[in-house]
Chemist: 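Below is one structure. I have some questions about it.
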Amino acid sequence: MKGRHVILSLVLLVSGFLIAISYEHTKQEPKVVQVNDQEWEKDYYYRQQLINLEEKNRELKQELEHKRKEIQNLEKELGGQTETINSYVDRKLELQMITGELPVIGEGVQITLSDADYVPSEENANQYIVHERHIYRVVNELLSAGAEAIAINGQRVFRDSYINCVGPVISVDGKTHPAPFVISAIGDREVMYASINLTDGLVDELINDNIEVEMEKMDEIEMSARVDLERG
């Protein structure tokens, strides 16, 4: 019994001690951290600065995205304009070659018309030489076959060119050329050669007119620009 009384006394003593500590702790007032007005103003200022920066950042991102879309649209537009400009440039060069403002080079055919080697004494010699009508026939046939450029003895011939027969020579735009007359044409050589050399076609007509005809396909023919344009 004496041992139990000792243990019980110890338990009561510890319990009383804990109760006393808890009571003293509850009596203490809670501490409140005091913040002065200056610190509140600083905190508010920094918060506002952060909010403003975040808002500015959002605006800049939106503006960047808008500019990026504008650049993409401009690139597409410029790409389309570049193709159009390139097309116009190519067409301009093509027209300049056709009108003779620029020299031209390419494959084609070469047709040589020569006066007859033999003229019977009893015949009129005028019937055995090349006339402007023969030149015109060849030039027109070549143009119909798609010739892009034509020259006679190296001189460019155009749709407004004037070809005239002056005795044994031919005058092209006022410049005379003696026989043989070499007519060069740039274009699809197979098409032009076939068009000139048709059975009962132009070659046969020329031969019937006592004109000697030679034809040759050329890998490359070069023609200079129009003379009057070069001078200008």
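The figures that follow rest on heavy atoms only: side chains count, while hydrogens, waters and symmetry mates do not.
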Chemist: What is the minimum heavy-atom distance between G154 and A151, and which atoms define it?
Modeler: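 In terms of heavy atoms, the two residues are closest at C-CB, 4.0 Å.
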
Chemist: For the residue pair H177 and V169, establish whether any side-chain heavy-atom pair is separated by less than 4.5 Å.
Modeler: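 Side-chain contact under 4.5 Å: no.
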
Chemist: Is the shortest heavy-atom distance from the side chain of N197 to the side chain of M215 under 4.5 Å?
Modeler: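 In short, these two side chains touch, coming nearer than 4.5 Å.
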
Chemist: Does one hydrophobic cluster hold both Y162 and I150, with members joined at side-chain heavy-atom distances below 4.5 Å?
Modeler: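 Same cluster: Y162 reaches I150 through Ile, Leu, Val, Met, Phe, Trp or Tyr contacts under 4.5 Å.
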
Chemist: Can you tell me how far the CZ atom of R58 sits from the CD atom of E63, to the nearest 0.5 Å?
Modeler: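 If we round to the nearest 0.5 Å, R58:CZ and E63:CD are 15.0 Å apart.
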
Chemist: Taking only distance into account, with no hydrogens and no angle test, what donor-acceptor pairs under 3.5 Å do side-chain atoms of residues 105-112 form with protein atoms, sequence neighbours excluded?
Modeler:
unit_1: E107; atom_1: OE2; unit_2: R189; atom_2: N; d: 3.3

Chemist: Looking at E141 and L202, would you say the former's side chain and the latter's main chain have a donor-acceptor pair under 3.5 Å?
Modeler: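 No: the side chain of E141 does not pair with the backbone of L202.
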
Chemist: Between N208 (side chain only) and D204 (backbone N and O only), is there a donor and an acceptor less than 3.5 Å apart?
Modeler: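 Indeed, once roles are kept as given, a pair shorter than 3.5 Å links the two residues.
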
Chemist: Using 0.5 Å steps for rounding, measure from the CZ atom of R137 to the CG atom of D209.
Modeler: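 If I round to the nearest 0.5 Å, the distance is 10.0 Å.
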
Chemist: Which is it for D117 and E212 under the side-chain contact (heavy atoms from CB on, under 4.5 Å) test, yes or no, and what are the steps along the way?
Modeler: CA-CA 8 Å; D117 287 336; E212 295 185 6; 3.1 Å; yes

Chemist: Could you state the interatomic distance from CD1 (I152) to CD1 (I135), rounded to the nearest 0.5 Å?
Modeler: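 So the CD1 of I152 and the CD1 of I135 are separated by 5.0 Å.
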
Chemist: Group every Ile, Leu, Val, Met, Phe, Trp and Tyr by side-chain heavy-atom contacts under 4.5 Å, then state whether V138 and I207 land in the same group.
Modeler: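 Yes: a chain of side-chain contacts under 4.5 Å links V138 to I207.
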
Chemist: Are there over 12 heavy-atom neighbours, none belonging to R133, within less than 6.0 Å of that residue's CZ?
Modeler: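 Enclosed: over 12 neighbouring heavy atoms sit under 6.0 Å from CZ of R133.
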
Chemist: Compare every heavy atom of V213 with every heavy atom of L206, then report the nearest pair and how far apart it is.
Modeler: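 Looking at all heavy atoms of both residues, the shortest contact is CB-CG2, 3.7 Å.
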
Chemist: May I ask you to decide if V191's main-chain N or O and S195's side chain share a donor-acceptor pair within less than 3.5 Å?
Modeler: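 Not at all, since once roles are kept as given, no pair shorter than 3.5 Å links the two residues.
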
Chemist: Rounded at 0.5 Å granularity, tell me how far CG in N73 sits from CZ in R68.
Modeler: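 Here the rounded value is 13.0 Å.
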
Chemist: So R156 and V104, do their side chains get closer than 4.5 Å, heavy atoms only?
Modeler: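 Yes. Closest side-chain heavy atoms under 4.5 Å.
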
Chemist: May I ask whether V203 and V139 are part of the same hydrophobic cluster, defined by side-chain heavy atoms of I, L, V, M, F, W, Y residues being less than 4.5 angstrom apart, directly or through others?
Modeler: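 As far as the 4.5 Å side-chain criterion goes, V139 and V203 are connected within one cluster.
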
Chemist: I170 and E132: which non-hydrogen atoms are nearest, and at how many Å?
Modeler: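 Heavy-atom minimum between the residues: CD1-N, 3.9 Å.
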
Chemist: Roughly how far, to the nearest 0.5 Å, is the CD atom of E148 from the CE atom of M223?
Modeler: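 CD of E148 is found 10.0 Å from CE of M223.
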
Chemist: Spell out, as yes or no, whether a donor-acceptor pair under 3.5 Å connects the side chain of S161 to the backbone of F158.
Modeler: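 The answer is yes, because a donor-acceptor pair under 3.5 Å joins these two groups.
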
Chemist: Establish whether V172 and I129 are linked, either directly or via other cluster members, by ILVMFWY side-chain heavy-atom contacts under 4.5 Å.
Modeler: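 In one cluster with V172: I129, no.
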
Chemist: Quick one: pull up CG in D115 and CG in N210 and give me the separation to the nearest 0.5 Å.
Modeler: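 Interatomic distance, D115 CG to N210 CG, rounded to 0.5 Å: 10.5 Å.
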
Chemist: For the residue pair E216 and Y193, what are the closest heavy atoms and their distance?
Modeler: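 Looking at all heavy atoms of both residues, the shortest contact is N-CE1, 4.4 Å.
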
Chemist: So, using side chain to side chain contact (heavy atoms under 4.5 Å, CB included) as the criterion, who are the partners of K56 when residues are at least two apart?
Modeler: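 For K56 the side chain to side chain contact (heavy atoms under 4.5 Å, CB included) partners, ignoring immediate neighbours, are E59, L60.
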
Chemist: If Ile, Leu, Val, Met, Phe, Trp and Tyr residues are connected whenever their side-chain heavy atoms lie under 4.5 Å apart, and connections chain through other members, are F181 and L143 in the same group?
Modeler: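 Yes, it is one cluster - the side chains of F181 and L143 are joined through contacts under 4.5 Å.
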
Chemist: Is the backbone of S171 close enough, under 3.5 Å, to the side chain of N164 for a donor and an acceptor to pair up by distance?
Modeler: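 No: the side chain of N164 does not pair with the backbone of S171.
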
Chemist: Please assess Q62 against H66 for the test side-chain hydrogen bond (donor to acceptor under 3.5 Å, both in side chains), listing each intermediate value before the final yes or no.
Modeler: CA-CA 6 Å; Q62 293 176 355; H66 179 69; over 6 Å; no

Chemist: How far apart are the closest heavy atoms of S114 and I211, and which atoms are they?
Modeler: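 It is O-CG2, 3.7 Å.
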
Chemist: Check side chain to side chain donor-acceptor pair (under 3.5 Å) between E214 and all other residues, then give those that pass, not counting sequence neighbours.
Modeler: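 Partners of E214 by the side chain to side chain donor-acceptor pair (under 3.5 Å) criterion come out as none, since no residue qualifies.
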
Chemist: In terms of heavy-atom contacts, does OH of Y136 have more than 12 from other residues, nucleotides or ligands at under 6.0 Å?
Modeler: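 For Y136, atom OH is crowded (more than 12 foreign heavy atoms under 6.0 Å).
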
Chemist: Got a donor-acceptor contact below 3.5 angstrom from the D188 side chain to the E190 backbone?
Modeler: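 Looks like yes, one N/O pair under 3.5 Å.
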
